[in-house]
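Beneath this line is the structure, given in structure tokens, with notes to follow.
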Amino acid sequence: MSYETYIFDLDGTLLDTLNDLTTSCNYALRMNGMKERSIDEVRHFVGNGVFKLIERAVPNGTPDTLLQDTYKTFIDYYMEHSLDTTEPYPGIEDMLQHLKNDGCRMAVVSNKFYDATRELVDYFFGDYIDVAVGECETARPAIVPKGFPDHPLRKKPYPDTVHEALRQLGSAKRHAVYVGDSDVDLQTAKNSGLPCISVLWGFRNRDFLLAHGATTCIGEPEELLAI
């Protein structure tokens, strides 16, 4: 392996969260009197954070107050149901174990809100991944880790969360790589000055990723170990 540090996206890269995201989205829409969305629609809504997911899911022209209520309903429901069907993609845990055995440093950066990111990483990958940074663009997380910056971190594709993960890991960019499944991840890697490995088991397909600038794609987690 040519890298010492791996920065992973979460949804669609390490975890298959689509069913729980769809269920939570539709609960929020239903509770606020709006039409539900299909799982394929939600697949294309995710990637830019929860608020953007809800903004895309509600009908055009939805009043801001209703949008905010729907967003809050989603947050409350998802925090109670984020583990209902979510699970790692096949081969992910074996891949992470190999990286850990080789002494690699690993972190997760996500546009999922911070508390959910931390909870999911701790639950599924606590034996492998020590650093997880989620969306905290407008406020600090409820549970603030030691050494967390006082200023807000802008969500991806800004490089803030990647730079913060590298800082917490004590890693340099020159030996690091970003791993993700979307166009947002490709742009985040570029903005962070990191090479990007795009995975094909997530929320976007090969043609979409290549059209958005992907240069290295893998179809199985174990392929990451050979790069």
Side-chain angles (χ1 to χ4, degrees), residues 8-90 92-93 108-126 129 132-144 152-158 161 180-185 188 199 201-205 208:
F8 292 99
D9 172 54
L10 186 61
D11 297 58
T13 300
L14 297 180
L15 290 178
D16 184 356
T17 57
L18 188 57
N19 285 331
D20 287 336
L21 289 171
T22 301
T23 299
S24 299
C25 178
N26 283 334
Y27 176 84
L29 292 170
R30 187 168 64 251
M31 290 299 100
N32 287 277
M34 287 175 277
K35 180 182 177 182
E36 297 183 21
R37 295 290 195 161
S38 71
I39 193 168
D40 284 336
E41 286 177 312
V42 174
R43 179 192 301 275
H44 289 92
F45 293 161
V46 300
N48 295 92
V50 172
F51 188 79
K52 182 59 70 173
L53 161 61
I54 297 302
E55 191 175 52
R56 290 166 174 164
V58 302
N60 290 335
T62 297
D64 186 64
T65 53
L66 183 55
L67 173 63
Q68 294 290 344
D69 288 345
T70 307
Y71 171 71
K72 185 180 184 302
T73 304
F74 177 98
I75 296 292
D76 292 343
Y77 186 88
Y78 186 73
M79 286 303 296
E80 294 293 327
H81 296 274
S82 63
L83 296 173
D84 286 0
T85 64
T86 288
E87 59 184 2
Y89 288 102
I92 289 294
E93 290 179 276
V108 162
V109 295
S110 176
N111 276 345
K112 188 187 295 292
F113 49 101
Y114 184 91
D115 293 337
T117 299
R118 184 74 260 180
E119 178 181 274
L120 289 169
V121 171
D122 284 347
Y123 183 84
F124 287 107
F125 309 121
I129 297 174
V133 183
E135 180 186 344
C136 43
E137 184 176 16
T138 57
R140 287 161 65 74
I143 301 174
V144 183
L153 300 176
R154 296 170 298 177
K155 63 177 180 282
K156 301 185 294 183
Y158 287 102
T161 49
D181 75 305
S182 73
D183 53 321
V184 175
D185 294 317
T188 301
V199 307
W201 55 79
F203 298 165
R204 305 290 188 267
N205 61 34
F208 179 93

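For the atom pair CG of D11 and CZ of F203, the computed distance is 5.5 Å after rounding to the nearest 0.5 Å. Between the CZ atom in F124 and the CG atom in L14 there is a gap of 11.0 Å [rounded to 0.5 Å]. From C25, atom SG reaches atom CD1 of I39 across 11.0 Å, with rounding to the nearest 0.5 Å. Separation of atoms CG (D76) and CD (E80) is listed at 8.5 Å; rounding is to 0.5 Å. Of the inter-residue distances, the one linking K155 atom NZ with F113 atom CZ reads 13.5 Å to the nearest 0.5 angstrom. One finds the CG atom of L15 at 6.5 Å from the OG1 atom of T86 (value rounded to the nearest 0.5 Å).
Summarising the geometry of G202 relative to Y89, their closest heavy-atom pair is CA-OH, 3.9 Å, with the distance given to 0.1 Å. Considering every non-hydrogen atom in both Y27 and T73, the closest pair reads CE2-CG2, 3.7 Å. Minimum heavy-atom separation, Y77 to S24: CD2-OG, 3.4 Å. Taking all atoms of both residues into account, the shortest heavy-atom contact from Y78 to K112 is OH-NZ, 2.8 Å. Of all heavy-atom pairs between G49 and E135, the closest is CA-OE1, 3.8 Å. Taking each heavy atom of A132 and T117 in turn, the nearest pair found is CB-CG2, 4.2 Å.
For the side-chain hydrogen bond (donor to acceptor under 3.5 Å, both in side chains) test with K156, the passing option among D185, N48, T161, N111 is D185; the others fail. When each of V121, D122, L10 is paired with I129, the side-chain contact (heavy atoms from CB on, under 4.5 Å) condition holds for V121 and for no other.
Side chain of D181 to backbone of V199: no donor-acceptor contact under 3.5 angstrom is found. Remark: side-chain polar atoms of N26 are paired, donor with acceptor, to backbone N or O of R37 under 3.5 angstrom. Of the possible donor and acceptor atoms, none in the side chain of R56 sits under 3.5 Å from a partner among the backbone N and O of V42.
Of the N and O atoms on the side chains of S82 and D20, not one donor lies less than 3.5 Å from an acceptor on the other residue.
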Discussion item. Walk me through whether L153 and Y114 qualify under side-chain contact (heavy atoms from CB on, under 4.5 Å).
Written reply: CA-CA 11 Å; L153 300 176; Y114 184 91; over 6 Å; no

Practice prompt. Starting from the C-alpha separation in whole Å, work towards a yes-or-no answer on side chain to side chain donor-acceptor pair (under 3.5 Å) for T23 and D84.
Written response: CA-CA 10 Å; T23 299; D84 286 0; over 6 Å; no

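For the pair F125/P88, a side-chain contact is recorded, criterion being any heavy-atom separation below 4.5 Å from C-beta on. Counting heavy atoms from C-beta outward, L21 and F45 have side chains that stay 4.5 Å or more apart.
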Which atom pairs, donor and acceptor, lie under 3.5 Å between side-chain atoms of residues 62-71 and protein residues at least two apart or in another chain?
unit_1	atom_1	unit_2	atom_2	d
T62	OG1	P59	O	2.6
T70	OG1	L66	O	2.7

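Salt bridge D115/R118: absent, no basic N to carboxylate O contact under 4.0 Å.
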